[in-house]
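Worth knowing before you read on, the calculation uses all heavy atoms, side chains too, and leaves out hydrogens, waters and symmetry mates. Along the sequence shown, the residues carry numbers beginning at 1. Start at 1 and go down the list; that is how both ligands and their atoms are numbered.
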Amino acid sequence: MTILLVEDDDILAFALEKALTKSGYVVCHASDGNSARQLWQHHLPDLVLLDLGLPQRDGLSLLQLMRQEGMTTPVMILTARDGLDDRVTGLDGGADDYLIKPFAIDELFARIRALLRRSPASHPRLQFSDLIWDPQTRTAYIQGEILALTPREAQILEAMLTNPRRSISKERLIALFNSWDKNPGTNAVEVTVFRLRRKLADFGISIETVRSFGYALRMQDDTTFP
Ligand code: CA
């Protein structure tokens with residue numbers, strides 16, 4: 001599960017990111033409203049933790065914009081503002097829950113789990129032949145066994161399986177990596193695809209390079225491609 005953490009207080013953000021990562025969530029962090037919007041669009045997170053007072057674009061305006069753009073991601077507002085008006089405005093603006101700072105980490109986790117349980121239908125398992133991706137647990141299975149993947153390999157596999165044609169442009173993968181990792185290196189995508197390709201090869205699945213586009217999943221014995 002990927003959580004987008006939008007928080008401009010570096011100390012709080014660091015502590016939350018550490019606690020969430022330790023609990024098995026994949027966290028991407030934005031410290032202003034505009035980069036939060038970009039990460040939201042690129043990562044399609046399962047949940048957003050949203051501070052309201054942010055540089056560049058405040059949390060409420062970001063939330064309204066993302067809802068207008070059709071993003072249905074569950075959103076929990078985290079803010080020190082404890083006025084009733086702010087709560088009502090936040091919920092009217094499309095938030096699903098509201099937590100007042102300071103809060104106990106256990107309460108945050110309980111509310112995260114509750115929010116994620118409410119939207120299971122939006123995270124169906126993805127499948128290609130014997131390969132299954134479970135977005136709830138961010139686990140890949142092949143022929144019923146867990147396929148061990150690095151976070152980057154998982155990101156690529158999920159992106160490919162999310163596309164109905166099981167293909168993805170290289171540009172989109174580079175954008176994913178850039179927002180995930182500040183310095184991914186120019187050939188990070190090629191290296192990761194190479195490793196993922198080796199892991200899948202034993203199971204009859206290949207990742208084809210599609211010239212001037214990117215990559216596509218196919219069965220090794222399928223000759224009808226593209
Ligand atoms: Ca703030």
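Other residues, nucleotides and ligands contribute only 12 or fewer heavy atoms inside 6.0 Å of the CD atom of E145. For CZ of R195, the number of neighbouring non-hydrogen atoms (other residues, nucleotides, ligands) closer than 6.0 Å is 12 at most.
Here 3 is the count of protein N, O or S atoms positioned under 3.0 Å from the Ca ion (ligand 1), waters not counted.
Between D8 and R57, none of the side-chain N atoms (NZ, or NE/NH1/NH2) sits under 4.0 Å from a carboxylate O, so this pair counts as no salt bridge.
Residue T2 comes nearest to C28 through the heavy atom pair CG2-SG, 4.1 Å, listed as atom of the first residue, atom of the second, then distance.
Side chain of D32 to backbone of S35: a donor-acceptor contact under 3.5 angstrom is found.
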Stepwise side-chain contact (heavy atoms from CB on, under 4.5 Å) check, H43 with V26:
CA-CA 11 Å; H43 284 293; V26 175; over 6 Å; no

